[in-house]
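Worksheet: the structure to be examined is printed underneath.
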Amino acid sequence: MKRIAYSLIAAAVTVALSACDGDDGKQGPQGEQGVQGEQGTNGTNGKDGASAAKGNDGANGTDGQNGGSGLIRIATVPAGAEVTGLFLSEQGDLFFNVQHPSDANTLVDGNQRPYNGGTVGVLTGVNFNELPRNIVSSPVPVTDLERQTVVTAIGQYQILGQTGDVYADLGEKGLAGGLGVHYGITSGDKILENDSPDFNGFVPSADDENTGYLFTNWEAYPGGMSRLKMSKSDTGKWSIEEAMMLNFDAVKGTAANCFGSVSPWGTPLTSEEWIVRSDVDTTQHANWNDPAFTSINRMKELVAPEFPNPYRYGYIAEVQNPLSDTPDIVKHFTIGRYEHENSVVMPDERTVYSSQDDTGGVLFKFIADQPKDLSSGTLYGAKLTQDKGLNDPAVTGFDVTWVEIASGTNAEIEAWIAEYDEINTEDFVEGQTSYLSVADVKAWAEGKATYPTLAEGGGLVTAGKPMDNRAAFLESRQAAKQLGATAEWRKLEGISINYDRVVEAVTGQDRVPGEVVEQAYMYIGVADIDNTMTDGKGDVQLSKRVLDCGGVYRAHIDNNYNLTRIEPVVMGGTFRSSLTDAEQCDVNQLSQPDNVIVMQDGRIIIGEDGIQENNTLWLYDPNSK
C-alpha cells in the first residue's frame, strides 16, 4: 500500500522482528558451486557453509549463497519505490511494478527511461515456471545507477508503461488521456496523474498464449485500472498494441485500487483499499460529510456536482467481459466493505478470501451461493486461537474457526447504499453521524428489533427503523468484531495460492499414483506485526520488539477449501548498525513484505513495501529450513 500522510491515517509503529541468521557474506564464496543447486533443499546444512569443514560440500554451498534462509534477491527497485503488481502468468512471465519512485531518479538503465514515475514492467528472457534453484542474489545497490534503476539477478526488466504515457505511435489505439490519469465523471477535468501502479493481471487471448491483456490497478484517490493489449516476440520482448483506461463511471468510480487477482473464470478482481483510516472501535465513515473534512476532496472532484456516498466505495470490483471493447464493472457488495488489499477465489469457484489492510483488521471469507457468481452468498470472519505458551512471531501460529456474519445479495445491499446518496455537508451535525454508528452495529449484533434513535447514538438514516443486515456489509469489520471474529491484524496484505497445487492437494487431480502430495497453503503477507497484534489484548498477543520488519504466514487449506490454521513461514530480521547504534531492517532479510505469489514448484515470490532505500523482490523457498 502506498504510504500517504492523510490526517486520519495513523503512522505505523515500528517493532523489531528477527528470524534468521543474516551472515550471508561469509557464505558467499561457495556460490560458485551452485551447479549442484538441485540439492538446495538442504537448507539446514546451508547455515554451516561458512565453516571450513563444509567448504567442499558443493550441495550445501548453494544454500550458503542465501545464508541458509532460503531468500534470493531477484531484483531491487529504484529509490523511493515499493514493489507491487506481482503476477506470474501461465507461460512463466513475471510482471511487477515500480510504485511511486522518487522524482529525483534521473539515471537510466537499458530501458533508456528514468524511473521517476509509476512504472509497469515485466522480466524478460526467463521462464519463472522453469526457474532453476541455483540462482545467485542480485547485489544490494551501492552505485548511483543501481540505486535509481531496477537491478535484477535474472532476466531483463522491460518497461511496458509509465505514468502519463499516451502511446502516440498506436494512433487511435493509444491513450490520449495518459496512463494512470483520472478525470471527473461529469466535469471531465483532470484530477491527478497517478504514480502508483499496483496489481497486475494478465489474461491471455483465447487463440494465442503469447498475446493477451495486462490489467493494472492504479492506487490513489480516486483510483482506476488500465488495460494494455500486448504480444510477445520469439526473443521474449513485449510490444504494446492497444492501451486504455477502464471506465468506472457506472459505479461512481473507485477508491485506491490496490492489489487484486484474476478469478478462475478469467475476470480481473480489483480491490478498493478504503479512503478513510478507521479505528477498530469506530465505524469506517468517520466524519465523512463534515465540511472541515478535506481528505476526500479528490473524491468530491470525481463525482461533482454530487456529494460522494462513502458506502459506494471499499469493495471488490469484478471486470466482467474483460477483453471486450467496453468491459463491465460490477462491485460485489456481498464480500463486504473494508480496506481491501486482495481477494483470492478458490478452485471451487465459490470460496473467496479477502485481507483487510488496516490496524485491527479482519481476515474475511465469502462463500457464493453459486459457482462463478459472486453476487450472492454468505460473509464470514476468522476467529484466531493463539498457540498456548508461545508469543514470538517467528514460531507462534493460530488455529482458525469461522464466525458467520450474514448472507446477502448485491441487489439488496445496493438498495441500502442508495439511501445514503443524497446526504451531503448540509446534513452534518457535530456529535452525531449521518451514517451507521457503532451503536447501530452493536444493536444489530445483539439481535435488537430496531435501530437506536439519534438520542441513543444511532445514525441519521436508520434511526428508530426496523433492523436489517446492512451493518454486516456496509460496516463489515465492526460487524465481524461485534460477533466475535478477531479484529486484530495489522496491515494484513497480499494473499495468494497456486491454483494447480491446491487442486492437486484437495481433489487429487493430476496426481501421480503413489506420489506423496504436499499440504496446500494460502500464503499471507503482513507488513507490520505490531500495534493490535502486540498490545497484549484479545486473541493475538505476540511479543513486541524494537523494530518491526513484518513477515509471511501460511494458512492450511482443508478438503472444503476452508482455512484451518495459520503459521509463520519467514519473518523479517533486524541488525544493529555500528554507525548509528540503531536497529534497522536487515537488507539481506525481509523488510515489511507487501504482496506474495506462489510458484508451481512451491517457492514464493515476495515484494517489499519496506523502509529500505531500495526495496527488494525476493524469491523464497519454504523448504529451505
Side-chain angles (χ1 to χ4, degrees), residues 251-252 254-255 269-276 278 280 282-286 288 308-318 329-341 343 345 350-358 361-370 373-382 402-421 423 433-448 451 458-462 465-485 487:
V251 293
K252 304 294 185 181
T254 51
L269 300 174
T270 178
S271 306
E272 290 188 288
E273 189 176 358
W274 195 216
I275 192 168
V276 176
S278 56
V280 69
T282 67
T283 48
Q284 295 181 339
H285 48 71
W288 181 273
N309 177 351
Y311 290 139
R312 292 205 172 273
Y313 309 100
Y315 302 97
I316 296 296
E318 181 179 10
I329 311 299
V330 177
K331 289 192 179 183
H332 290 302
F333 311 120
T334 51
I335 303 178
R337 175 180 170 269
Y338 42 92
E339 297 86 343
H340 285 274
E341 172 74 19
S343 65
V345 183
R350 295 180 57 209
T351 304
V352 184
Y353 289 99
S354 294
S355 56
Q356 181 180 13
D357 186 356
D358 195 14
V362 176
L363 177 63
F364 286 94
K365 177 176 70 173
F366 170 75
I367 300 181
D369 292 332
Q370 299 295 329
D373 181 1
L374 307 181
S375 65
S376 67
T378 304
L379 187 64
Y380 300 81
W402 292 93
V403 176
E404 182 173 336
I405 301 173
S407 299
T409 69
N410 280 345
E412 67 179 330
I413 300 168
E414 185 166 22
W416 293 325
I417 292 171
E419 295 181 25
Y420 299 86
D421 280 342
I423 291 175
T433 180
S434 299
Y435 307 100
L436 286 171
S437 66
V438 174
D440 290 327
V441 182
K442 286 183 176 180
W444 168 81
E446 292 169 358
K448 299 292 179 64
Y451 282 99
L460 178 68
V461 171
T462 55
K465 292 182 179 180
M467 186 64 66
D468 52 37
N469 277 338
R470 71 181 67 195
F473 301 100
L474 305 189
E475 297 290 354
S476 302
R477 185 256 297 278
Q478 186 60 234
K481 178 177 182 289
Q482 292 297 330
L483 291 177

Any residue meeting salt bridge (charged side-chain N to carboxylate O under 4.0 Å, His left out) with [X], in chain and number order, not counting sequence neighbours:
X: K465; answer: none
X: D373; answer: none
X: K331; answer: E272

task: Enumerate the residue pairs fulfilling salt bridge (Lys or Arg N to Asp or Glu O under 4.0 Å) with a member in residues 403-414, sequence neighbours excluded, ordered by first and then second residue.
output: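 Output for this query lists R312-E414.
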
field: Pair listing, salt bridge (Lys or Arg N to Asp or Glu O under 4.0 Å) test, anchored in residues 433-446, at least two apart
entry: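 Applying salt bridge (Lys or Arg N to Asp or Glu O under 4.0 Å) to every pair that reaches into residues 433-446, excluding sequence neighbours, yields E446-K448.
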
Rounded to the nearest 0.5 Å, how far apart are [atom1] of [X] and [atom2] of [Y]?
X: Q370; Y: S375; atom1: CD; atom2: OG; value: 9.0 Å
X: T378; Y: I405; atom1: OG1; atom2: CD1; value: 10.5 Å
X: E339; Y: Q356; atom1: CD; atom2: CD; value: 4.5 Å
X: I413; Y: L379; atom1: CD1; atom2: CG; value: 8.5 Å

message: Donor-acceptor pair, distance only, cut-off 3.5 Å: does the side chain of R337 make one with the backbone of S476?
response: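 Pair absent, no side-chain N/O of R337 close to backbone of S476.
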
field: Polar side-chain atom of R350 near backbone of I367 as donor-acceptor pair, under 3.5 Å
entry: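 Not at all, since once roles are kept as given, no pair shorter than 3.5 Å links the two residues.
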
- prompt: By side chain to side chain contact (heavy atoms under 4.5 Å, CB included), which residues pair with A406, not counting sequence neighbours?
  reply: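 With sequence neighbours excluded, A406 shows a side chain to side chain contact (heavy atoms under 4.5 Å, CB included) to W444, N469, A472, F473, given in chain and number order.
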
For [X], check side-chain hydrogen bond (donor to acceptor under 3.5 Å, both in side chains) against everything at least two apart and list the hits.
X: T254; answer: N257
X: T409; answer: none
X: Y420; answer: R470

Could you tell me which residues satisfy ring pair (Phe, Tyr, Trp, His ring centres under 6.0 Å) with [X], sequence neighbours excluded, listed by chain and number?
X: W402; value: Y353
X: Y451; value: none
X: F333; value: Y315

Grab the two heavy atoms, one from [X] and one from [Y], that are nearest each other, plus how far apart they are.
X: S376; Y: F366; value: O-CZ, 3.5 Å
X: A471; Y: A479; value: O-CB, 3.7 Å
X: A317; Y: I329; value: CB-CG2, 4.1 Å
X: G459; Y: S437; value: N-OG, 4.0 Å
X: S343; Y: S354; value: CB-OG, 3.4 Å

Side chain proximity check, [X] to [Y], heavy atoms < 4.5 angstrom:
X: I417; Y: L474; answer: yes
X: P308; Y: W288; answer: yes
X: I335; Y: H340; answer: yes
X: L374; Y: N410; answer: no
X: K481; Y: V362; answer: no

- prompt: Where do D358 and R477 land on the side-chain contact (heavy atoms from CB on, under 4.5 Å) test, with the steps shown first?
  reply: CA-CA 10 Å; D358 195 14; R477 185 256 297 278; 3.1 Å; yes

- request: Give me the one residue out of L269, T270, V330 that meets side-chain contact (heavy atoms from CB on, under 4.5 Å) with I316.
  value: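 Output: one option passes, namely L269.
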
field: side chain to side chain donor-acceptor pair (under 3.5 Å) partner of E475, chosen from Y311, Y435, Y338
entry: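 Considering Y311, Y435, Y338, a side chain to side chain donor-acceptor pair (under 3.5 Å) with E475 is found only for Y311.
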
